[in-house]
Amino acid sequence: MHKKNNFIKIFFFISFFLFFSAPLGHSVSENNDGSLSKSIMEIAIELKCLECEGQNVYESNSNFSQSIKAYISKELTRGTDSRDIINDLHQKYGDEILMTPPVQTNTYVLWILPFFLLSLGFFIFFHKLKK
Amino acid sequence: MIALTGNLLLLFALLSSIATLFFAKTPAINEHKKYKFACLFGIFQFLFILFSYFLLTYGFVVSDFSLVTVWQNSEIQKPLIYKITGVWGNHEGSMLLWLLILSICLFFIIKYDGKIPKHVQLNTIAIQTSIIFAFLLFILFTSNPFALQLPIPIDGIGLNTLLQDPGLIIHPPLLYIGYVGYSVLFSYSVAIMLENKLTDNWARWIEKWAYISWIALTLGICIGSWWAYYELGWGGWWFWDPVENASLLPWITGTALIHSLLNYKSTGQHRDWTLLLSILTFSFSLIGTFLVRSGILTSVHSFASDPQRGLWILIILSFFIFFSLFIFLRNLQKESEKKDFVFLRRGTFILINNYLLMVSVVVIFFGMMYPLLLEAITGDRITVGPKYFNIVIAPLVILIAILMPIGPNLSWKDNWTQLAVKRLMISFVITIFLIISMQLVIYENADAFHLLLISLALWIFIASIVDLLPRNLSEFRIEFSGLKRKNLPIIGSRITHMAFGIMLFGIIYASAYSENKDLKMNLGDKIQIDRFELQYDGFGTHIGENYDDLQINFSLIKDDKKIANMTPAKRFFRKSGDITTEASIQKYYFDHMYITVGEVQEQFIYASVSYKPFVRFIWLGGFLMAFGVLFKTIFRSKIFGTTNA
């Protein structure tokens, strides 16, 4: 009795999965050597999922990320360069979509500070050493 | 009933903390009595909070849904272990755990630090109690775990499915012991600063707390990273996520603190800086809590956030930070002793270490906060992701790695010794030899940058071992003369340094040489990855306690021999309907084969397969680091336990 119950459960469970799991998957490309999906990954990892909290497009399965991944896949098959795809998306969604902030007026401080502090350390060190 | 008792217990705890503060500060009675009563009520605080914590756990175990917290985060069907540990799987319960650890620390201060002068002790108890008091108010007014609701619902909403995992059992408590352990250092430091005359032994009083907190924080971070690695299903172990950064910042300042304490103990220099570090470390624990709980920074694992809570924590943290900084500045000792700055001294290297660690703290904190600042000022929205942190932290890590083995070989007082030069040369030669042979045997063409980093990791590892070997050479006995056991703590710190090398090696190797494939696979398909083949064998099911798994079966094949079955799964939680992706991880020596499955259809699946060489070194190194410090802590207390005044 118990076994039969389990069987029915499993049956429903599997059917459920086959039915519902489709939207969960990564939208990975069709070619089997994984080369296209690799370039999708390389691009998607550079983009932030704007719907999520702190995830990139590659990791996330939100609608936004799905559509971006589909877009990347489409553009790549058309032969667009990775750099251009990222630039297009950057144009469309703004700086926020780039996981790594571009070096520009409003991020100079962000990029310079670490290296400034490091050089400051060197400076102090050698100054003290001379004394 | 539970709600009422729980509220009463918290109220009693609040009253006891007021009583402790009163007795610690009242001028009416003599010191002996003050101390006695303050301790008594301190222990009362601990007991009341402990009982309230047990009561909440009981509420979770019997599924008392009249408690809002239990209703929101539990359900009848949930496995018992997650009912008990689920207490800290939510905001209210975890704050109660935070409070419990604060009061346990108070208990330890009262019970085991009896050799410290009474007036310092009294101040420490008062400061620790005021932290407890602030968090009690916070819990009672904004996050009461005993909030009542009527009518009582039949079943609860259930615990977030990602949290129903063994990782939850130990990760948060360890992390909290780390965070909160630093509150003791904070309390002692402020109490020491309140002393007008110089006290000499304080570094030894607080040393063990610095070690214990650091061990707990290290283990907590390691387990958290391991949990993210296998549970989140992306195969990453560090995401530079705000919550992770929040735990990394006190870890870094805590590391700087340990080194600075060593320096102070040996040379008596940089007293103020050491005290400031222990204040900073706890401040970063508070700031981290604030940022995460207030929802100011969003992260993959944020709690349900509430601006009002954020405001409260902001008030608490500003109060304690400004209060301690005020006392710090008031008691700042005019650096009277003339410090001679000699390059090849251990103390100098510890200063350099501290500088580099503090730069990393500033950089990480700034990187975390910059998008917020920018948006507040200009309205521009940017994202500061992992790559930024990797780029700016890399030079710091490289410098640290170069210098790390040199420092411990130097003397506190004398100049550069012949022996140190010999040791470092030996280590250097072995490192070069190993890296060349590794290059020849395993990977013919690695890029220069990763090669440099790997050699640095090896350099740390080898130098730490070489440093341990000739411990009995007569030259070295002069410096470490006296107790022979005095050498044991040194072994502990070399283990820790060595372990850092191991961790660094794992991090770099796994990021540089991982192979990653996203594939569509039909039944029976075989793919090649690194030296392995992976075959898709179909799917099956597994019935869990409150979930069902759809397992995808793979065979891992090496040299035409099947070496393992791998079953990544889609986990379906019956109650909530949530589906989580369960990765399957197969270890091969120190490497991992890591599989997650995306879409599943009758004929084919989408799988993401990675081969991560030496990835296990990351956690091995992390745990070994904690072990090294534990080793040091144990033998330190044996040596100084009797001589400690």
Side-chain angles (χ1 to χ4, degrees), chain A residues 6 9-11 13-14 16-18 20-34 36-38 40-41 45-48 50 52-56 58-61 94-102 104 106-107 109-111 113-115 117-118 120-121 124-125 128-129 131, chain B residues 232-234 236 239 241-242 297-300 302 341 343 352 355-356 358-360 362-363 366-367 370-371 374 378 380-388 391-393 395-396 399 516-521 525 527 539-541 543 548 550 570 572 579 581 597-602 605-606 608:
Chain A
N6 260 356
K9 236 184 189 168
I10 289 168
F11 176 77
F13 174 53
I14 292 183
F16 171 88
F17 255 109
L18 295 183
F20 285 104
S21 60
L24 283 166
H26 298 268
S27 45
V28 191
S29 70
E30 296 289 324
N31 65 343
N32 225 346
D33 64 346
L36 184 60
S37 72
K38 198 170 176 211
I40 296 181
M41 186 200 108
I45 222 162
E46 295 289 327
L47 302 170
K48 182 179 189 284
L50 296 179
C52 324
E53 288 172 346
Q55 275 178 294
N56 62 40
Y58 174 68
E59 287 160 355
S60 141
N61 272 319
D95 293 337
E96 202 187 1
I97 199 167
L98 299 178
M99 281 304 276
T100 313
Q104 59 192 31
N106 63 6
T107 59
V109 187
L110 186 67
W111 282 108
L113 181 86
F115 301 98
L117 288 176
L118 210 54
L120 185 72
I124 296 173
F125 180 76
K128 279 217 162 190
L129 206 60
K131 264 189 182 173
Chain B
L232 292 181
W234 311 322
F239 303 95
D241 172 273
L297 289 173
T298 49
S299 123
V300 267
S302 49
F341 188 83
F343 176 35
I352 299 171
Y355 184 80
L356 293 174
M358 290 324 284
V359 172
S360 353
V362 172
V363 165
F366 192 65
Y370 191 77
L374 188 68
T378 64
D380 298 344
R381 291 170 69 97
I382 62 159
T383 306
V384 179
K387 210 171 175 184
Y388 169 81
I391 291 170
V392 296
I393 289 299
L396 292 165
L399 276 176
N516 187 13
K517 283 183 175 171
D518 284 337
L519 293 160
K520 177 183 165 185
M521 289 177 86
D525 272 2
I527 59 146
F539 47 78
T541 54
I543 309 285
D548 301 308
L550 178 70
K570 290 275 173 192
F572 171 72
I579 298 171
T581 302
V597 166
E599 192 178 328
V600 181
Q601 295 286 353
E602 233 164 322
I605 53 160
Y606 283 117
S608 174

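Of all non-hydrogen atoms in B/Val359 and A/Pro114, the two that sit nearest each other are CG1-O, 4.5 Å. Annotation for B/Tyr370 and A/Thr107: closest pair OH-CA, 3.7 Å, computed over non-hydrogen atoms. Taking all atoms of both residues into account, the shortest heavy-atom contact from A/Pro101 to B/Gly385 is CD-N, 4.5 Å. Between A/Met41 and B/Asn516, the shortest heavy-atom distance links the atoms SD-ND2, 3.2 Å. When every heavy atom of A/Val109 is checked against every heavy atom of B/Phe366, the shortest pair comes out as CG1-CZ, 3.8 Å.
Residues passing the ring pair (Phe, Tyr, Trp, His ring centres under 6.0 Å) test with B/Tyr355, sequence neighbours excluded: none. Checked against side chain to side chain contact (heavy atoms under 4.5 Å, CB included), A/Ile124 has the following partners two or more places apart in sequence or in another chain: A/Leu120, A/Lys128.
In this structure, chain A has a heavy atom under 4.5 Å from the side chain of B/Ile352, while its backbone stays farther away. Contacts of B/Leu374 with chain A are made by side-chain atoms alone, with heavy-atom separations under 4.5 Å and no backbone atom involved. For chain B, the nearby parts of A/Phe125 are the backbone and the side chain; heavy atoms of each come within less than 4.5 Å. For a residue to count as touching a neighbouring chain, one of its non-hydrogen atoms must lie under 4.5 Å from one of that chain's; by this rule B/Ile393 does not touch chain A.
Rounding to the nearest 0.5 Å places CZ of B/Arg381 at 8.0 Å from CG of A/Leu50.
Judged purely by atom type and a 3.5 angstrom limit, B/Thr383 has no side-chain atom pairing as donor or acceptor with the backbone of A/Ile97.
For chain A, the option among B/Leu399, B/Leu356, B/Ile605, B/Leu396 with the highest count of heavy-atom pairs below 4.5 Å is B/Leu399.
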